[in-house]
There are 2 protein chains.
Amino acid sequence: MKLNTTSQYAIRIVTFIVQNGANNKYTAKDISEKLSIPYKYMTKIMTLLVDGGIISSSRGREGGYSIEKELAIIKIGDILEAVKENLHQEKCVIGNGSCNKREKCILHDKWITAKKAMQEIFENTTLEDMIIR
Amino acid sequence: MKLNTTSQYAIRIVTFIVQNGANNKYTAKDISEKLSIPYKYMTKIMTLLVDGGIISSSRGREGGYSIEKELAIIKIGDILEAVKENLHQEKCVIGNGSCNKREKCILHDKWITAKKAMQEIFENTTLEDMIIR
DNA sequence: TTCAAACACTACTTAAAGGTAGAATTTAAA
DNA sequence: TTTAAATTCTACCTTTAAGTAGTGTTTGAA
């Protein structure tokens, strides 16, 4: 039970920027070094976050990454969505094809409950929550 | 958020045996066909379950797999342990090295709560629970 | 005592996730 | 207007999970 590496990095990157001043600019080199994330792998993730509207980038000399949106409106779930983590996995836990409300697998109800708890974390935690600690 | 394929298959296999009579014998061919799990992949998983003491096997003609233990004492968690699913992952959700009780990452507390809920499912559901449905 | 039907073992192949390399593009300062 | 510092694009390499192949071993019935 874990988030994949890309998702983990994505959250750490965004958290790093938010905690050090969202409107400041951070270069890929800087972020990569501070968070010990492989440079090339990181820039790949950055592109996803930029495309997803989480982070804004400026190219060229004096370029870098920052966060422009109102912090409060960006949720952890948005970050995960940007890097394609499948949050709303509807498939049966044990891969049982015919698992639905009518004909449930043995873990269905319990699993759904726990899964909802996870999803709520991602839906209810915003970037703003990351500053206060 | 999901169990890996091996774990999913393992639970489905054990569930299948339990629901069709735990003390009966089931051949690999039979199980593989009924559950649409690739034969060779399945037998590999079976070996893990046998080694883990979940399932007992007998070789040769008239051989097969069955469950001898008291159903009530075998938990889903035991099955997952047998196939090496890492249930008690202690690492930080976002891969933050220095995440512990003293210096927590921003998701720590919430995550732990949700994770505990998942773990409890696996610890508190026994094979016996699988028969009643 | 043979032999077919079963599980078990070792090694390989394929697909997906994680990670790397290098060149192209953009931009602002000198 | 050149150049260095930055992001972006495309393609590749590596590692791990998923799945396959073939052979060996065991066992009970004919």
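Values reported hereafter were calculated over all heavy atoms of this structure, with side chains retained and with hydrogens, waters and symmetry mates removed.
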Map A:Tyr39 and B:Val50 onto DNA chain C by nearest heavy atom, then report which one ends up closer to the 5' terminus. B:Val50
Enumerate, atom names and distances included, each donor-acceptor pair closer than 3.5 Å involving a side-chain atom of residues 115-124 of chain A, sequence neighbours excluded.
residue	atom	partner	partner atom	Å
A:Lys115	NZ	A:Gln89	O	2.6
A:Gln119	NE2	A:Leu87	O	3.1
A:Asn124	ND2	A:Glu120	O	3.3

In whole Å, what is the span from the CD1 atom of B:Ile45 to the C1' atom of D:dA18? 10 Å
DNA chain C: 5'-proximal contact among B:Thr27 and A:Tyr41 (nearest heavy atom): B:Thr27
Side chain of A:Thr43 only, heavy atoms from C-beta on: which candidate in C:dT20, C:dA8, D:dT8 is closest? D:dT8
Would you give me the side-chain donor-acceptor pairs under 3.5 Å for residues 67-76 of chain B, sequence neighbours excluded?
none

Send over the distance from B:Ile31 CD1 to C:dA6 P, rounded to a whole Å. 12 Å
Between B:Ser66 and B:Ala22, the two heavy atoms sitting closest are CB-O, 3.5 Å
List in chain and number order the residues that pass ring-ring contact (aromatic ring centres under 6.0 Å, His included) with B:Tyr39, two or more places apart in sequence or in another chain; answer none if no residue qualifies. none
Show me the pairs that pass ring pair (Phe, Tyr, Trp, His ring centres under 6.0 Å) and involve residues 76-119 of chain B, at least two apart or across chains. none
Membership question, hydrophobic clusters at under 4.5 Å side-chain separation (ILVMFWY): are B:Ile131 and A:Ile94 in the same one? yes
Sequence neighbours excluded, the answer for side chain to side chain contact (heavy atoms under 4.5 Å, CB included) partners of A:Gln8 is A:Leu3
Please list residues of residues 62-71 of chain A whose heavy atoms come under 4.0 Å from any atom in DNA chain D, ordered by number; otherwise none. A:Gly64, A:Tyr65
Applying side chain to side chain contact (heavy atoms under 4.5 Å, CB included) to A:Lys25 and not counting sequence neighbours gives A:Ser58
Can you list everything that forms a side chain to side chain contact (heavy atoms under 4.5 Å, CB included) with B:Thr113? Sequence neighbours excluded, please. none
Would you mind reading off the distance between A:Tyr26 atom OH and D:dA5 atom C1', rounded to a whole angstrom? 19 Å
Sequence neighbours excluded, every pair satisfying ring pair (Phe, Tyr, Trp, His ring centres under 6.0 Å) that has a member inside residues 41-68 of chain A: A:Tyr9-A:Tyr41
Would you please test A:Ile31 and A:Ile37 for side chain to side chain contact (heavy atoms under 4.5 Å, CB included) and show each step? CA-CA 8 Å; A:Ile31 297 171; A:Ile37 299 175; 5.6 Å; no
Is there any protein nitrogen or oxygen under 3.5 Å from a nitrogen or oxygen in nucleotides 23-26 of chain D, and what are the pairs?
residue	atom	partner	partner atom	Å
D:dG24	N2	B:Arg59	NH2	3.0
D:dT25	O2	B:Arg59	NH2	3.4
D:dT26	O2	B:Gly60	N	3.3

Are A:Ser57 and D:dT8 close enough that a side-chain N or O sits under 4.0 Å from OP1 or OP2? yes
In this structure, how many angstroms lie between the P atom of D:dA21 and the CE atom of B:Met42, rounded? 16 Å
Whole-Å distance, B:Leu49 CG to C:dC7 P, equals 13 Å
How close or far is atom P of C:dA6 from atom NZ of B:Lys29, stated in whole angstroms? 8 Å
Kindly state which residues belonging to residues 5-15 of chain B come within less than 4.0 angstrom of DNA chain C, counting heavy atoms of the residue only, listed by number. none
Would you please name every residue forming a side chain to side chain contact (heavy atoms under 4.5 Å, CB included) with A:Asn4, sequence neighbours left out? A:Thr6, A:Ser7, A:Glu85
For B:Met46 and C:dC9, give me the distance from atom CE to atom P, rounded to whole Å. 14 Å
Whole angstrom value for the distance that separates P of C:dC12 from NZ of B:Lys44: 13 Å
